[in-house]
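Naming convention: chains lettered A, B, ... in sequence-line order (proteins, then strands); numbering from 1 in each chain. Just so it is clear, the values below take in all heavy atoms, side chains as well, and ignore hydrogens, waters and symmetry mates.
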Amino acid sequence: MTTAATSFTITTPAATAISYNRGILFNQSSRSHLRSHHYLRTSTHRKLEHLFVGRRREGKTRAGSVGGESAGVVEMMEGRTTEELKKGIAELYDESSGVWEDIWGEHMHHGYYPQDGVVSLDDHRDAQIRMIEEALRFAGVSDDPNKRPRSIVDVGCGIGGSSRYLAKKYGASCQGITLSPVQAQRAQALADAQGLADRVRFQVADALAQPFPDGKFDLVWSMESGEHMPDKKKFVSELDRVAAPGATIIIVTWCHRDLSPSEETLRPEEKRLLDKICDSYYLPDWCSTTDYVKLLQSLSLQDIKSADWSQYVAPFWPAVIQSVFTWKGLTSLLRSGWKTIRGALVMPLMIEGYKKDLIKFAVITCRKPAS
Amino acid sequence: MKLLTHNMLSSNIKGVTAGYPLLIEPQITTTTEVPINPNFLRHIFPKLDYSALVAAAKTLGFSDLPETAGVSDLEDEGFLKRFHHALLELKLEEGALVCPESGRRFMVSKGIPNMLLHEDEV
């Protein structure tokens with residue numbers, strides 16, 4: 001964080017609302033556990049963070065499960081139900097996709113960066129393309145005209161960057177699904193403008209109940225959407241269900257570190273950090289890369305591979321933060337809405353999570369048996 | 001929503017076993033001109049449910065597709081044109097998709113279908 005953060009003053013209606021609502025949002029009893037977090041170097045930022053994040057209480061439960069039933073019923077005062085999460089995700093992306101696209105373009109995912117070298121904003125766009133290519137390479141998706149995918153599903157498609165890229169690359173048709181009507185509209189408009197209206201289509205749908213018959217897609221793609229799924233088991237089983245025999249499934253997602261054999265859960269301070277991130281990004285509980293691998297194994301999927309790409313995405317969050325603190329970034333952000341602003345404030349926590357080896361950027365792939 | 005999309009969509013409401021293909025209740029249908037790409041059409045044909053496409057096209061007012069077709073028909077230019085028209089040039093802007101078993105309607109607004117299920121349908 002730079003001194004720019006301390007020197008700008010917020011004078012929009014949003015700022016007036018901050019001071020008005022201060023009494024309601026500021027929760028006295030939860031302040032104590034925040035004192036130990038010194039990652040935010042500016043006092044202005046810390047005050048804002050208290051307002052938006054300080055409400056979390058110890059010992060709450062939240063929608064999210066890996067292997068069991070989906071969470072569903074959670075007390076309204078603590079955590080969020082699955083319905084609240086879905087609504088929150090849709091609203092967050094309805095509100096913020098425009099801001100993101102304005103600064104970063106059509107891909108709403110991490111870039112894959114070379115190990116050395118300085119990166120400029122243009123490099124980030126290239127890096128986002130490289131992320132797609134590296135994921136395809138890792139999964140061994142064939143370029144051979146006879147073996148390349150013909151029909152693709154993009155699960156959690158954002159504004160459709162991956163869908164359009166993959167459809168063009170393979171000359172295939174692609175269906176994208178998102179919870180956000182604004183994203184679906186925008187994704188379709190971009191596809192139409194790029195001459196892909198005929199074969200790249202988007203709909204509003206739930207990844208946990210995909211609106212497709214079984215076995216339709218040769219390539220099942222989930223690029224940074226898995227972290228939003230409240231029921232990982234259902235999420236993965238839907239990916240499996242819509243995959244055609246012989247299809248490739250690729251999941252690129254944020255996980256927490258694998259637990260050691262003696263551990264049952266993450267350490268309390270690790271959970272607290274993730275809780276804050278979950279709050280602002282409408283995320284359910286995180287799982288580990290190994291949890292995903294086990295789910296794929298339980299569905300008898302083959303050639304299961306996973307990798308930790310955290311080291312290749314390191315420049316991403318600092319770049320995102322930097323882009324917020326440009327004039328364009330700030331004005332867009334302040335015009336956008338609460339959810340987007342809160343999301344921006346929580347970005348340093350992502351960096352902290354990566355630095356502490358708690359957050360992992362994972363790629364997981366497998367193949368559906370041919371028959 | 002184009003019929004290529006319609007061909008890929010199904011109603012997966014809990015308890016429904018025959019949720020495909022969805023029936024169409026058109027309100028506003030448009031036709032756009034899309035450059036024909038024979039390679040793409042041949043590429044995608046094996047992945048489609050052809051009879052569902054024929055039925056859907058009829059609902060949108062296009063009845064010129066033969067009832068059945070095979071891979072060999074894709075070499076015939078006349079068929080390719082009609083197939084292309086039905087699949088990619090007809091567009092449902094406003095209307096509904098209806099689950100053939102439960103009757104549940106999924107709205108199509110500004111060309112985008114909303115396939116979200118309610119809590120009790122999952």
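- The structure places NZ of A:Lys216 at 4.5 Å from OH of B:Tyr20, a figure rounded to the nearest 0.5 Å.
- Taking B:His43 as the reference, nothing meets the ring-ring contact (aromatic ring centres under 6.0 Å, His included) condition, with sequence neighbours excluded.
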Quiz prompt | Step-by-step side chain to side chain contact (heavy atoms under 4.5 Å, CB included) determination, B:Thr5 to A:Gln203 | solution = CA-CA 9 Å; B:Thr5 300; A:Gln203 31 274 333; 3.1 Å; yes

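- Residue contact with chain A, scored on non-hydrogen atoms closer than 4.5 Å, is absent for B:Pro21.
- Listed by chain and residue number, B:His85 satisfy the ring-ring contact (aromatic ring centres under 6.0 Å, His included) test with B:Phe62 (two or more places apart in sequence, or in another chain).
- Close approach to chain B, defined as a heavy atom under 4.5 Å from one of its heavy atoms, is seen in A:Leu179, A:Ala184, A:Gln185, A:Gln188 of residues 176-190 of chain A, taken by number.
- Distance check, rounded to the nearest 0.5 Å: CG of A:Asp206 to CD of B:Glu121 gives 11.5 Å.
- In terms of heavy-atom pairs under 4.5 angstrom with chain A, the leader among B:Asn37, B:Ile112, B:Leu88 is B:Ile112.
- Within the 4.5 angstrom heavy-atom criterion, atoms from both the backbone and the side chain of B:Asn114 approach chain A.
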Exercise. Please lay out, stage by stage, how B:Lys47 and A:Phe217 fare under the test side chain to side chain contact (heavy atoms under 4.5 Å, CB included).
Key: CA-CA 9 Å; B:Lys47 298 237 75 117; A:Phe217 302 105; over 6 Å; no

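- A:Pro245 is linked by a side-chain contact (heavy atoms from CB on, under 4.5 Å) to nothing, counting only residues two or more places apart in sequence or in another chain.
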Practice problem: Check the pair A:Arg241 / B:Asn12 against side chain to side chain contact (heavy atoms under 4.5 Å, CB included), numbers first and verdict last. | Solution: CA-CA 12 Å; A:Arg241 181 181 71 78; B:Asn12 298 328; 3.1 Å; yes

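- Rounding to the nearest 0.5 Å gives a distance of 11.5 Å between CD of A:Gln210 and CG of B:Leu117.
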